[in-house]
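Read the structure below first, then the notes.
Sequence lines set the chain letters: A, B, ... in the order given, protein chains first and strands last, and positions in each chain run from 1.
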2 protein chains.
Amino acid sequence: MGANFSRMTQSTTEGAEQAIAILGGTGDQGLGLALRFAKAGRTVVIGSRLPERAEAAAHEVEALVPGAKVTGAGNPEATARAAIVILSVPFEHMAGTTKTVKDSLRPGQIVVSMGVPLAAAIGDGAVRTLGVWQGSCAELVASLTPSGVHVVSAFQNVSAHRLRELEHPVDCDVVVSGSPEPRKAVMALCALVPGLRAVDGGPLANARLVEPLTALLIGLNIRYKVPAGIGIRFTGLPD
Amino acid sequence: MGANFSRMTQSTTEGAEQAIAILGGTGDQGLGLALRFAKAGRTVVIGSRLPERAEAAAHEVEALVPGAKVTGAGNPEATARAAIVILSVPFEHMAGTTKTVKDSLRPGQIVVSMGVPLAAAIGDGAVRTLGVWQGSCAELVASLTPSGVHVVSAFQNVSAHRLRELEHPVDCDVVVSGSPEPRKAVMALCALVPGLRAVDGGPLANARLVEPLTALLIGLNIRYKVPAGIGIRFTGLPD
């Protein structure tokens, strides 16, 4: 832990000005985060399996956020260019995408798992979840990343629709789980998005408690007919 | 379904004025609900394994809520006297308590599972959960109740401390899951507690998505040092 950890601390300190890669940044939720981080002035690299799709998404961000520092690249290249790598691909592509970028990851980098094991991955509904051998999608990702890379669980329950409404706050809490220093670095990212509050979710395994919330919220969106997406707020937290 | 269902509908309609039994009503959360329902003018029967403990708890409610219509009884008798039976015992006593009252249950009654499979049940922490063969504590209870009895999942995440602060609203949403008519009857109970909002959680199996929230909240209470208990609110719900 020692050497990798100090490299990580260094990189996250520098990372305040370093690039954020969003793999699957061509999808609704990933593109929403890209827009928000670009609007906050951060350098964003959109990653996709197909570089040309990533570049098209980057142009979309540029069009909506004047002056955005955003580029597109294939997933391995996007990974190599960022301090924080956000995995925003559907659950069925989480393991595969992680394996694809494994050789581009280096000690000290932070990988953020946004995935939820929705049963939609096997053609069943998005209102139910699958059991994951490792306990959660985030732990599955952690089991596939090289030593020294820090996996953090976050952003699962932010509505893509609300992320993309750039003039409005997203009005949602997200629970961030992982080792203390990488967790703090990801909690700091949340502060870049108006109306998005980071809540300290403790160790990574707590993703098991957080990921099911997204399936619950998808069910509520359907039952209450709220296509914009229902969020959560924790009450009673100290300021 | 037909005959039982119409009996149930009848009993829940009458049930607006009928008794609510709270098994495990001598515990913190159960006693908190007893206080709130008694304060709202409802007839409450506190159940316990030991009738004298239930009677002592009923006296406690009477002392705090002048004019409360509350009595105490052994669990089977409390069950027989109520239209809605709330199971508020620790997870390790859920199956046993359900079996104990099985012969007192009748078609049309509603049984509410408040249980969460916290790992505390096996001497591990309350910030983690156990896997339940049936999928959730609520479905475990449903597997043990006679045909015609309607099991509903609710109230898992209401802070006992906030329930017992009778002068303050509890400031929390609860997700209620089960078949439509019994679910509506339990959602109506929530309206009796100031600051408690019922959210339609769909079918009973969704308790699998709701129960883990309590372990998450217990962890947050510890990390943020909020002994009074952190709650949740869903944002973006229609009024």
Side-chain angles (χ1 to χ4, degrees), chain A residues 116 118-119 125 127-131 135-136 157-159 161-162 168-173 175-177 180 183 195-197 199-203 205-239, chain B residues 116 118-119 125 127-131 135-136 157-159 161-162 168-173 175-177 180 183 195-197 199-203 205-239:
Chain A
V116 173
L118 299 176
V127 298
R128 286 180 284 280
T129 57
L130 300 172
S136 61
N157 62 307
V158 195
S159 149
H161 184 278
R162 290 183 191 274
H168 297 100
V170 295
D171 195 16
C172 188
D173 287 349
V175 182
V176 183
S177 306
R183 185 173 72 219
L196 188 66
R197 181 174 64 166
V199 173
D200 178 353
N206 287 352
R208 299 172 196 194
L209 305 172
V210 176
E211 291 175 2
L213 252 174
T214 297
L216 179 67
L217 291 171
I218 292 171
L220 290 175
N221 291 342
I222 296 168
R223 280 191 293 285
Y224 284 95
K225 301 182 176 63
V226 183
I230 289 167
I232 54 159
R233 286 288 193 197
F234 293 92
T235 62
L237 281 175
D239 292 327
Chain B
V116 174
L118 299 176
V127 298
R128 285 180 284 280
T129 56
L130 300 172
S136 62
N157 62 308
V158 195
S159 151
H161 183 280
R162 290 184 191 273
H168 298 100
V170 296
D171 195 15
C172 189
D173 286 349
V175 183
V176 182
S177 307
R183 184 172 74 219
L196 190 66
R197 182 175 62 167
V199 174
D200 178 353
N206 287 353
R208 300 172 194 194
L209 304 172
V210 175
E211 292 176 1
L213 252 175
T214 296
L216 179 68
L217 291 171
I218 292 171
L220 290 175
N221 292 342
I222 295 168
R223 280 191 293 286
Y224 284 95
K225 301 183 175 63
V226 182
I230 289 167
I232 54 159
R233 286 287 193 198
F234 294 91
T235 61
L237 281 176
D239 290 329

Most heavy-atom pairs under 4.5 Å with chain A, out of B/Gly201, B/Gly229, B/Ala205, belong to B/Gly201
Do side-chain atoms of A/Thr235 reach the backbone of B/Gly231 as a donor and acceptor pair under 3.5 angstrom?
-> yes
Return each pair, listed once, that meets salt bridge (Lys or Arg N to Asp or Glu O under 4.0 Å) where at least one residue sits in residues 209-223 of chain B; pairs must be two or more places apart or across chains.
-> A/Asp200-B/Arg223
What part of B/Arg162 is in contact with chain A, defined as an atom under 4.5 angstrom from a non-hydrogen atom: side chain, backbone, both or neither?
-> side chain
Under a 4.5 Å heavy-atom cut-off, does chain B meet the side chain of A/Val127, its backbone, both or neither?
-> backbone
Select one option (side chain, backbone, both, neither) describing which atoms of A/Ala228 are under 4.5 Å from chain B's heavy atoms.
-> neither
Count the heavy-atom pairs under 4.5 Å between each of A/Leu237, A/Asn206, A/Val226 and chain B, then report the option with the highest count.
-> A/Leu237
Measure distances from A/Ile232 to the heavy atoms of chain B and classify the residue's part below 4.5 Å as side chain, backbone, both or neither.
-> both
Only residue of B/Leu213, B/Leu217, B/Thr129 satisfying side chain to side chain contact (heavy atoms under 4.5 Å, CB included) with A/Leu209 is B/Thr129
